[in-house]
Every structure is written in structure tokens, then in C-alpha cells.
There are 2 protein chains.
Amino acid sequence: MASRNPVGPVQLRIPKAAELIAAHLRQRIVSDDLSEEDPLPPESNLMQQFSVSRPTLREAYRILESEGLITVRRGAHGGARVHKPRPDVAARYAAHVLQSQGARLKDVFDAREVLEGAAIDLLGPKPSKAGLERLREINLRGQDLEHDLLTALEIHHEFHRALVDMAGNLTVSLLRNMIDIILEAATERHVANAGGNEEQVSSRKAQRTHVKLVELMEQGDLPAAGRLWRAHLSDSAKIVLATANSALDVTI
Amino acid sequence: MASRNPVGPVQLRIPKAAELIAAHLRQRIVSDDLSEEDPLPPESNLMQQFSVSRPTLREAYRILESEGLITVRRGAHGGARVHKPRPDVAARYAAHVLQSQGARLKDVFDAREVLEGAAIDLLGPKPSKAGLERLREINLRGQDLEHDLLTALEIHHEFHRALVDMAGNLTVSLLRNMIDIILEAATERHVANAGGNEEQVSSRKAQRTHVKLVELMEQGDLPAAGRLWRAHLSDSAKIVLATANSALDVTI
DNA sequence: GGGGATTTGTCCGTATGTATT
DNA sequence: TAATACATACGGACAAATCCC
């Protein structure tokens with residue numbers, strides 16, 4: 001078998017000391033060797049441990065901080081504390097790629113429809129009792145007409161998330177979550193201006209659809225549930241797309 | 001309407017100078033104000049521009065470097081050069097989240113099936129001539145039996161990517177691409193050990209499926225194409241899952 | 001409440017290595 | 001080959017924030 005990289009002057013990227021330290025600590029965090037809220041040793045300690053100067057160590061700190069993997073506090077008993085990687089960081093980078101590719105907002109909505117629609121298919125013919133109970137509980141809260149629009153919207157979001165989580169696929173849940181975070185950031189202005197009668201009406205309509213969906217799932221009519229849900233997603237996207245900019249413009 | 005954040009001692013995270021500089025430059029990069037391969041001014045220049053010292057500026061450099069948004073070269077006419085955000089960085093962070101959540105490899109394969117299956121549905125009844133031509137061209141190269149297994153595998157990957165790109169949804173393409181990068185990293189060992197007769201056979205079989213898919217699409221039988229493709233994805237996943245570890249373990 | 005100890009944030013100066021001319 | 005330009009890295013210093021007594 002011929003070598004795929006025959007000879008050629010290979011451009012070697014020499015990794016910098018800060019990168020190596022960040023990679024080392026990152027690996028310990030994602031592999032659960034370091035847990036949430038675990039403190040890192042003081043800078044002076046780590047400087048000795050890695051045999052680097054303070055500026056170099058601090059560069060590593062900034063890398064991990066930008067990835068949300070540590071937070072640093074000053075003062076006595078301060079220092080760096082460890083955090084688990086969060087979906088919104090992944091969403092931020094995905095949003096950067098999309099924005100620099102000139103993606104349109106409709107693309108992102110369509111992707112949400114793909115993921116949430118597929119999640120229902122993944123449920124199979126027999127949705128779990130516990131999952132359905134969870135959805136019912138959320139819908140019960142959503143029925144409360146005392147809520148303001150923002151609270152109602154948050155409950156709606158919770159329903160969408162719980163529905164996808166029922167499918168039991170962490171990857172699909174993560175991707176949907178990322179899309180949700182991007183959409184929330186991209187439509188922030190739209191939502192902030194919402195408050196008119198139109199929004200009230202569509203919120204009530206969405207709530208009714210959520211109830212109807214659970215009914216269909218209880219009856220075991222998953223195909224109908226899938227159709228209803230996809231239509232619901234398409235409708236809610238249309239409402240936003242009617243007034244929002246076509247191009248994706250988002251800062252997370 | 002009641003305030004959602006009444007009074008309370010709000011934890012204020014004071015952004016560090018390096019973060020602010022990185023955020024500023026990042027925004028200029030993703031918004032296309034700075035283009036691929038554009039040089040950044042020399043450090044001394046930026047130090048004046050942002051009124052910060054060299055260590056602070058260097059921390060900002062490390063942040064952007066870890067995000068793949070700049071590369072820095074030493075020597076005369078060196079300095080920082082701008083790059084567009086790349087999908088593999090987004091994939092890296094998504095992989096971190098999944099790994100720390102204890103996701104299983106099967107989850108990721110299933111997510112691939114969801115995305116690629118949906119892509120065919122998005123094509124609609126009339127796939128574009130140009131897209132079909134592209135797929136045929138890739139298949140033509142795939143027919144060449146002189147290729148070694150790795151080359152054949154790469155052509156297969158190209159087919160999958162081209163198929164999803166035909167759907168014309170940048171978001172779905174990105175998500176699929178991310179999944180692909182994660183899977184490639186997670187099954188690296190498995191692929192490296194491939195070379196036996198079994199792999200030869202399954203590679204040929206995959207190639208035949210790719211040809212068959214294009215035929216079905218040309219005939220306008222998209223439902224059959226969708227079924228065939230989902231089965232193909234499921235089969236190829238099973239082969240890897242039979243020998244690979246169940247837990248997702250990946251370093252990108 | 002105040003003072004001291006601890007720890008990070010920022011800065012300066014300097015030496016070293018490397019790539020271009 | 002030598003000179004130049006630039007980034008890499010180190011050490012030391014002071015300022016600012018935070019906690020404990």
C-alpha cells in the first residue's frame with residue numbers, strides 16, 4: 001500500500017507551551033478526572049508542576065476560560081475552579097461557522113425541524129410512561145394563563161427539550177440544544193419586541209398543540225404525532241421568519 | 001409585568017482585558033470584516049491600539065489560536081494571520097460535551113442516520129441535475145478497484161458529504177460534518193486495523209449501494225432512496241459498533 | 001469593621017529562538 | 001553569511017480583589 005504522505009516538506013506546527021498545558025488540563029476535565037467545582041492548585045504551584053513561567057500558565061488559563069472549562073476568582077482562597085463543558089460553548093462555535101458561511105436563519109429553523117421531527121420517530125411506537133408524565137406536567141404549568149409571555153415561552157421551550165430528551169439519544173439532544181441556543185440568540189430582538197395580541201394568540205395556539213401532541217402519543221398514533229409536530233415547528237418558524245432578517249446574525 | 005430578576009446580589013463576572021480583545025477580533029473575523037489569510041498588525045501596533053501590555057495581548061492571541069481563528073508565525077514578516085472558523089473546532093467542543101455526559105458511540109451513529117436520512121427528505125421529489133452529476137462523478141472514481149481501502153473510504157465519505165450538501169441546508173451540512181469528524185476520531189483505531197477481507201467486501205457493498213442510490217434518485221423514487229440510505233447507514237454503523245468500545249472516547 | 005494575608009490581574013524589561021532578506 | 005524583524009519565554013514588580021481573623 002502506497003504511503004498517503006510520501007515525502008514532502010511537512011509544515012510542522014510546533015505546539016506552544018500554553019497549548020500543551022491547556023490540552024493536558026482539558027483532557028483531565030473531559031475524562032472526569034477533574035470534577036465540577038474542583039479547585040485547581042494555585043498558580044505558583046502549577047508553575048512548578050509544569051516548569052513554566054507565570055505568563056505562560058496564564059495563557060493556558062485564558063484558553064480554558066474561553067472554553068468555559070474553568071473560572072478564575074481573585075483573592076484569598078480564590079483561584080481556578082473546574083467546570084464541565086457546556087453545550088452553549090459548542091453552540092457558539094457552530095454559530096461562528098454558520099455566520100461566516102452566510103447561513104440563513106431559515107436553514108437553522110429547518111435543522112431544528114429535522115432534529116425534533118426525527119426525535120419523535122426515534123421514540124418508537126411506545127413512548128415511556130415517565131416521559132409522557134413529564135410532558136403532561138409541563139403542559140399543566142403551560143395552561144396557567146397568569147403567566148406573562150416570556151414565562152409561557154420558557155415553558156414551551158422546556159416542552160420541546162423534554163420531548164427530544166425522551167428519545168434517549170444524547171447526541172440528538174445536544175445538537176437540538178445547540179440549535180435552540182443559536183435560534184434564541186438570533187431571534188432575541190424579535191422576542192424582545194413581542195407582547196402584542198398576535199403573540200398572545202400564537203402562544204395559546206402552541207399550548208393547545210402541545211396538549212394535542214401528548215394525546216396523540218398516548219393513543220399510540222406516532223405518525224400523526226410526527227406530522228402534527230413538524231407542522232407546529234414549521235408554523236412557529238414562519239412567524240419569526242416573517243419579521244426577522246434573512247441572514248443569520250448572532251453574537252453568543 | 002414582574003421583573004424576572006428582581007433585586008438580588010447578581011454575580012458579576014468582570015471580563016478580563018484579554019477576553020475583550022479576543023471578542024473584538026473574533027467579531028471582526030466572523031462578520032467577514034477580516035478575511036482568510038489577512039494579516040493582523042504587529043503586536044506592538046495592537047498593544048498601542050488596545051492600550052494593553054504584551055502579556056495581555058498574548059493571552060488574547062492564545063484564545064483566538066485555540067479557536068483556530070488565527071495562526072501565528074515567528075520571524076520577519078510573521079505575525080498573526082486570520083482564518084475562518086472551521087467545523088472541526090465546533091466538533092471538538094461538541095465531542096467534549098458528549099464525552100463528559102458519557103454518551104455512547106451508538107448515539108452518535110444514530111444521530112448521523114437522522115441527519116443524512118433527513119437530508120434525502122429535504123431534497124424533494126426532484127433532485128438537481130448538477131447534484132446528481134456530482135454524485136455520479138464520485139461513484140465513477142469509487143468504481144476504480146485499484147484504490148486501497150483508505151482511498152476507497154475517503155471517496156465514500158465524499159459521497160456522503162456531497163449527498164447532504166445537495167439538500168442545500170448549511171446548518172444540516174455543518175451538523176452532519178461535525179458528527180462525521182467525531183466519528184472519524186472515535187473510530188480511528190478501528191479503521192487503522194481494517195485491511196482484512198471482510199473490510200474489502202463491505203467496502204464493495206457500500207460502493208454498490210451508492211450506485212443504487214443514485215439510480216433510485218434518478219428514477220424519482222425518493223422514498224425508496226431514503227429507505228435504502230437509512231439501511232446503509234445502519235449497516236455500516238453495526239459493523240463498527242461490533243468491535244468498537246461502547247463508550248465514546250475521543251480526543252480531537 | 002479593620003487590617004493583614006493570599007491570590008490573581010497587569011505591566012515592564014530582558015534574553016532567546018526563528019524566519020526573512 | 002550577516003543583519004533585521006518578529007514572536008516566545010522568563011523574572012520581577014506593583015495593583016487590585018477577596019477572604020479570614
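Naming convention: chains lettered A, B, ... in sequence-line order (proteins, then strands); numbering from 1 in each chain.
You'll find that the side chain of A:His77 is closest to D:dC20, out of D:dG11, D:dC20, D:dT8. Of the candidates D:dT8, C:dC12, C:dT8, the closest approach to any side-chain atom of A:Val72 belongs to C:dT8. The listed nucleotides are C:dT8, C:dC11, C:dT20; the one nearest the side chain of A:Arg74 is C:dT8.
Here the closest non-hydrogen pair linking B:Ala237 and B:Phe109 is CB-CD2, 3.4 Å. For the residue pair A:His156 and A:Ala206, the shortest heavy atom distance occurs at CE1-CB, 3.7 Å.
Judged by distance alone, the side chains of A:Arg112 and A:Ser236 do bring a donor and an acceptor atom under 3.5 Å apart.
Remark: side-chain polar atoms of B:Asn139 are not paired, donor with acceptor, to backbone N or O of B:Gly142 under 3.5 angstrom. Of the possible donor and acceptor atoms, none in the side chain of A:Glu59 sits under 3.5 Å from a partner among the backbone N and O of B:Glu59. Checking side-chain atoms of B:Asp107 against main-chain N and O of A:Asn169 turns up no donor-acceptor pair under 3.5 Å.
Rounded to a whole Å, the NZ atom of A:Lys16 is 11 Å from the P atom of D:dA7. Distance, A:Tyr61 OH to C:dT7 C1': 10 Å, rounded to whole Å. Going from atom CZ of A:Arg81 over to atom C1' of D:dT18 covers 12 Å, rounded to whole Å. B:Arg58 has its CZ atom 11 Å from the C1' atom of D:dC6, to the nearest Å. Atom CG of A:Leu20 and atom C1' of D:dT8 are 13 Å apart (whole Å).
For C:dC11, the OP1/OP2 oxygens have a side-chain nitrogen or oxygen of B:Thr56 closer than 4.0 Å. Within the structure, every side-chain polar atom (N or O) of B:Arg73 is placed at least 4.0 Å from both OP1 and OP2 of D:dA7. Taking only side-chain nitrogens and oxygens, B:Arg62 comes nearer than 4.0 Å to OP1 or OP2 of D:dT8.
Between A:Glu65 and A:Arg62 a salt bridge is recorded (basic side-chain N to carboxylate O distance below 4.0 Å).
For the segment residues 42-51 of chain B, residues with any heavy atom less than 4.0 angstrom from an atom of DNA chain C are, sorted by number, B:Ser51.
Heavy atoms of B:Ala17 sit under 4.0 angstrom from primed sugar atoms or phosphate atoms, though from no base atom.
In this structure, B:Glu37 places its CD atom where more than 12 heavy-atom neighbours from other residues, nucleotides or ligands lie under 6.0 Å away. Other residues, nucleotides and ligands contribute only 12 or fewer heavy atoms inside 6.0 Å of the CD atom of B:Glu188.
A donor and an acceptor atom never sit less than 3.5 Å apart when one is taken from the side chain of A:Arg54 and the other from the base of C:dT8.
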Report, one line per pair, each donor and acceptor closer than 3.5 Å where one atom sits in a side chain of residues 243-252 of chain B; sequence neighbours left out.
| from | atom 1 | to | atom 2 | distance (Å) |
| --- | --- | --- | --- | --- |
| B:Thr243 | OG1 | B:His190 | NE2 | 3.0 |
| B:Thr243 | OG1 | B:Val240 | O | 3.4 |

Under 3.5 Å, side-chain donor or acceptor atoms of residues 90-103 of chain B against the rest of the protein: list the pairs with distances, not counting sequence neighbours.
| from | atom 1 | to | atom 2 | distance (Å) |
| --- | --- | --- | --- | --- |
| B:Arg92 | NH2 | A:Glu67 | OE2 | 3.2 |
| B:Tyr93 | OH | A:Glu67 | OE2 | 2.7 |
| B:Ser100 | OG | B:Val97 | O | 3.4 |

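Applying the ring-ring contact (aromatic ring centres under 6.0 Å, His included) test to residues at least two apart or on different chains, the pairs with a partner in residues 36-55 of chain A are A:His24-A:Phe50.
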> Pairing of DNA chain C as dot-bracket, 5' to 3': ( ) intra-strand, [ ] crossing, | other strand, . unpaired, with Watson-Crick or G-U pairs under 3.5 Å?
Replying inline: .||||||||||||||||||||
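Nearest-nucleotide positions on DNA chain D place A:Pro55 closer to the 5' end than the other of A:Pro55 and A:Gly78.
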Detail all sub-3.5 Å separations between protein N/O atoms and N/O atoms belonging to nucleotides 2-4 of chain D.
none

